[in-house]
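Beneath this line is the structure, given in structure tokens, with notes to follow.
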Number of protein chains: 2
Amino acid sequence: MNSQAKRLNKILEHLRKNTASSVKRLSEELNVSHMTIRRDLELLEKQNIVETFHGGVMLRFAGLAGKNNDYSLLQAATSMAEEKIGIGEAAAKLLKSEDIIVIDSGSTTEYLARALPRALPLTVICYALNILMDVTKRENCDIIFAGGQYHTNTLMFESPEGIQLIKRTRASKAFVSASGISDRLGVTCSNRYEGSTKQAVMETSMQKVLLADSTKFDRVRSTCFADLKDFDILITDEGIPPEYREYCGKEGIELIVV
Amino acid sequence: MNSQAKRLNKILEHLRKNTASSVKRLSEELNVSHMTIRRDLELLEKQNIVETFHGGVMLRFAGLAGKNNDYSLLQAATSMAEEKIGIGEAAAKLLKSEDIIVIDSGSTTEYLARALPRALPLTVICYALNILMDVTKRENCDIIFAGGQYHTNTLMFESPEGIQLIKRTRASKAFVSASGISDRLGVTCSNRYEGSTKQAVMETSMQKVLLADSTKFDRVRSTCFADLKDFDILITDEGIPPEYREYCGKEGIELIVV
DNA sequence: CAATATATGTTATAATTATAACATCGCTAT
DNA sequence: ATAGCGATGTTATAATTATAACATATATTG
């Protein structure tokens with residue numbers, strides 16, 4: 001790891017502790033010139049990790065900057081950011097007043113959490129820290145959080161009791177993310193605990209919406225939690241392969257491309 | 001409520017959503033001059049509610065500024081702040097490596113969450129947003145969160161499943177807060193849901209530590225969840241009435257006064 | 001090892017924010 | 001009503017931060 005990467009990690013560490021900081025403080029803390037800090041922050045800002053303003057910086061993705069994530073992981077989490085913003089906004093447009101929605105864990109779903117229309121009264125069910133942090137900032141919003149053991153790499157909480165809580169709850173719409181989508185091998189994620197929770201969500205929601213950027217197609221991960229055709233709506237970006245467009249048409253899945 | 005109080009609430013509301021902001025943004029948002037904002041922020045800073053720096057402001061007690069708390073409530077939450085800091089630090093001194101601890105909801109316990117020694121590997125069980133936010137910033141720390149319905153005024157999550165999760169978990173030490181303490185009428189809190197959760201915690205922890213500033217003595221709230229003598233340790237400040245000192249001696253409760 | 005590229009530091013200047021003193025507005029009490 | 005007072009707005013000046021261009025140091029590559 002080069003010195004810049006080290007510094008970027010130190011900056012993020014500092015921000016995780018303090019949420020916000022100033023260029024001055026950072027340059028003093030890290031013993032580098034203010035220009036170096038500025039250039040570092042510029043990088044971090046381009047990747048949507050921090051937000052700068054005259055006099056300071058603040059963490060944007062408080063959640064995603066989980067304590068064990070180093071800079072490279074953060075990069076991954078912020079890749080395809082533009083596409084994900086579009087997907088989140090498109091998902092938010094589906095919402096109606098009094099909807100009871102599940103927001104799954106993941107970085108794509110976080111953009112939905114941010115795009116939730118402030119005016120609509122909603123009930124939100126979730127189980128990931130980044131989602132929770134966005135939702136608790138909202139008003140007009142009942143929150144149900146399924147707790148459990150905290151997983152720092154996915155920012156997700158999981159437990160039998162959490163799954164139980166989801167199972168006795170009913171949602172009008174579930175917004176689910178995935179790490180891999182294959183017509184033949186189904187919709188997959190990377191961890192067993194994610195799979196169990198997602199399955200519970202699929203069981204208890206009226207409408208199931210899959211949120212995934214186009215890099216997820218024709219990719220598999222270890223844990224399959226649903227068939228693609230189990231979903232009612234698929235929201236993705238222009239990069240979706242033609243054969244998946246066809247598949248959606250054939251299976252009656254509403255396709256929303258942003 | 002006069003116009004200044006209204007504005008202070010609006011500022012806090014804005015900060016709750018954005019964590020940090022700038023004088024410029026606030027003055028534009030609220031249509032007042034930057035001087036007015038500055039004077040408002042000066043007030044809020046004096047009360048330890050926000051922290052200002054060149055170019056901006058940020059919330060200090062992110063958790064405590066729950067969205068439904070108005071300005072007057074915030075004041076209450078930050079009262080006895082010095083005593084509470086001491087109590088939190090004293091509680092942190094009790095911790096040993098590999099301890100499994102419960103941190104109850106409340107403002108006093110938040111100071112413990114902040115004072116957790118960074119070096120010690122710990123498992124933390126909690127169910128309140130302000131505690132969670134502090135604990136997730138830490139490393140060397142397994143987190144178990146008991147979820148449920150979110151209560152904005154106490155920042156606490158509660159559900160049968162959450163209680164179930166607590167009940168099947170064992171802790172070496174529980175750090176519990178209270179709204180009222182009476183030798184005759186027991187230890188009380190304000191809400192039924194708080195009581196059920198606290199009771200579950202009392203049942204499943206080896207050592208029970210009560211954290212309360214001295215304003216809580218000889219005060220009762222609606223929901224009783226324990227007798228004072230059920231606790232092994234009581235941490236409070238110098239203001240503790242003499243009769244409670246005696247009571248602790250008689251009942252074998254270790255008293256720590258900060 | 002030289003040559004090049006990249007990262008960091010320095011400086012001067014521009015832009016923004018902070019402070020302080022004073023002016024004005026609007027409420028309250030008589 | 002109006003005098004008085006507190007709250008808010010205005011302005012000029014000081015302090016701080018941002019930007020850009022250039023200089024220097026450090027790392028990389030053939």
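For clarity, every value in this text was computed on a predicted model and none was experimentally measured.
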Mind running salt bridge (Lys or Arg N to Asp or Glu O under 4.0 Å) on A:K216 and A:E83 for me, showing each step along the way?
CA-CA 12 Å; A:K216 306 293 166 56; A:E83 286 81 359; over 6 Å; no
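The side chain of A:K24 approaches D:dT17 more closely than any other nucleotide in the set C:dT19, D:dT17, C:dG9. Comparing C:dT19, C:dG9, D:dT8 by their closest approach to the side chain of A:V32 singles out C:dG9. Distances were taken from every side-chain heavy atom of B:H34 (C-beta onward) to each of C:dG9, D:dT11, D:dT8; the shortest belongs to D:dT11.
Contact detail for B:R7 and B:D40: the closest heavy-atom pair is NE-OD2, 2.6 Å.
A salt bridge is absent between A:R118 and B:E13: the closest approach of a Lys/Arg side-chain nitrogen to an acidic carboxylate oxygen does not fall below 4.0 angstrom. Taking the charged nitrogens against the carboxylate oxygens, B:E110 and B:R114 do have a contact shorter than 4.0 Å, which makes a salt bridge.
Counting to the nearest Å, the C1' atom of D:dA7 and the CG atom of B:L8 are 12 Å from each other. With rounding to whole Å, A:R7 atom CZ is found 12 Å from C:dG9 atom C1'. Going from atom CG of A:L43 over to atom P of C:dT8 covers 10 Å, rounded to whole Å.
Listed for the B:T188 side chain is a donor-acceptor partner under 3.5 Å among the backbone atoms of B:R221.
The aromatic rings of B:F217 and B:Y244 sit tilted, their planes meeting at an angle between 30° and 60°.
Projected onto DNA chain D by closest heavy-atom contact, B:S33 and B:H54 fall at different nucleotides, the more 5' of which corresponds to B:S33.
One donor-acceptor pair, N or O on each side, does fall under 3.5 Å between the base of C:dG9 and the side chain of A:R39.
Across the helix from C:dC1-D:dG30 to C:dT30-D:dA1, the helix axis at one end is tilted relative to the axis at the other end by 40° (nearest 10 degrees, each axis from five pairs).
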